[in-house]
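For reference, the structure is listed below as structure tokens.
All figures in this text were calculated on a predicted structure; none of them were measured in a lab.
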Amino acid sequence: MPPAELERLRDDLIAALKTVFDPEIPVDIYELGLIYRLDVDDDRNIEVDMTLTAPGCPVAGDMPGWVENALSAVPGVGQVKVNLVFDPPWDMSRMSEEAKLALNMF
């Protein structure tokens, strides 16, 4: 895949990830730092490693499906695989400046 096309696809995938929210936190999962890895192969298949703010999160069973659905809706995407991981554990340092600002965490 040409670099410009890969960059456009990654931008579209990130935009899709920004439509997924943890229902308890008014910030999208990308800005929260819950996405650890986003890989695109030559066939446009997507593999994501993501975590949750806590292992006991009430939407632990649902959120990976929300991520898969959001990414699958991006035009031109092949198969999507979402891996839920807890190593390294999530902490607030993974949040973007935008997320910290939205949550008044400065």
Side-chain angles (χ1 to χ4, degrees):
M1 180 180 319
E5 187 176 340
L6 178 59
E7 183 177 344
R8 182 202 55 79
L9 181 57
R10 285 186 62 82
D11 289 347
D12 291 348
L13 293 168
I14 290 169
L17 289 169
K18 288 184 173 198
T19 68
V20 180
F21 287 77
D22 181 321
E24 298 177 334
I25 305 170
V27 175
D28 69 79
I29 63 168
Y30 188 81
E31 297 298 336
L32 273 176
L34 299 182
I35 302 301
Y36 285 180
R37 182 176 64 92
L38 175 63
D39 284 344
V40 180
D41 72 14
D42 291 337
D43 294 322
R44 297 172 169 262
N45 297 315
I46 312 302
E47 188 166 359
V48 173
D49 287 348
M50 68 167 292
T51 195
L52 303 170
T53 54
C57 179
V59 294
D62 298 323
M63 195 175 296
W66 300 342
V67 170
E68 182 179 341
N69 291 340
L71 295 175
S72 294
V74 173
V77 165
Q79 295 181 338
V80 176
K81 181 179 180 187
V82 178
N83 304 307
L84 192 57
V85 300
F86 293 100
D87 186 28
W90 179 87
D91 65 56
M92 290 187 285
S93 70
R94 294 186 168 276
M95 293 170 44
S96 70
E97 296 299 314
E98 178 181 318
K100 290 175 184 174
L101 182 61
L103 297 172
N104 293 318
M105 299 184 85
F106 280 102

What's the shortest heavy-atom distance between [X] and [Y], and which atoms?
{"X": "Glu31", "Y": "Asp28", "value": "N-OD1, 2.8 Å"}
{"X": "Phe86", "Y": "Leu52", "value": "CZ-CD1, 4.0 Å"}
{"X": "Ala16", "Y": "Ala70", "value": "CB-O, 3.5 Å"}
{"X": "Val85", "Y": "Tyr36", "value": "CG2-CD1, 3.8 Å"}

Taking the side chain as C-beta and beyond, is there a heavy-atom pair between [X] and [Y] under 4.5 Å?
{"X": "Leu84", "Y": "Met50", "value": "yes"}
{"X": "Val77", "Y": "Val40", "value": "no"}
{"X": "Met95", "Y": "Leu103", "value": "yes"}

Please check if the side chain of [X] supplies one atom and the backbone of [Y] the other of a donor-acceptor pair under 3.5 Å.
{"X": "Tyr30", "Y": "Val20", "answer": "no"}
{"X": "Arg10", "Y": "Leu38", "answer": "yes"}
{"X": "Asp43", "Y": "Asn45", "answer": "no"}

Is Val74 reachable from Met63 through a run of hydrophobic residues whose side-chain heavy atoms are each under 4.5 Å from the next? yes

Membership question, hydrophobic clusters at under 4.5 Å side-chain separation (ILVMFWY): are Trp66 and Ile29 in the same one? yes

Salt bridge (charged side-chain N to carboxylate O under 4.0 Å, His left out) partners for Asp39, two or more places apart: Arg37

Partner residues of Arg8 under the salt bridge (charged side-chain N to carboxylate O under 4.0 Å, His left out) criterion, sequence neighbours left out: Asp12

Over 12 foreign heavy atoms within 6.0 Å of CE, Met92: no

Does CG in Asp91 sit with more than 12 non-hydrogen atoms of other residues, nucleotides or ligands closer than 6.0 Å? yes

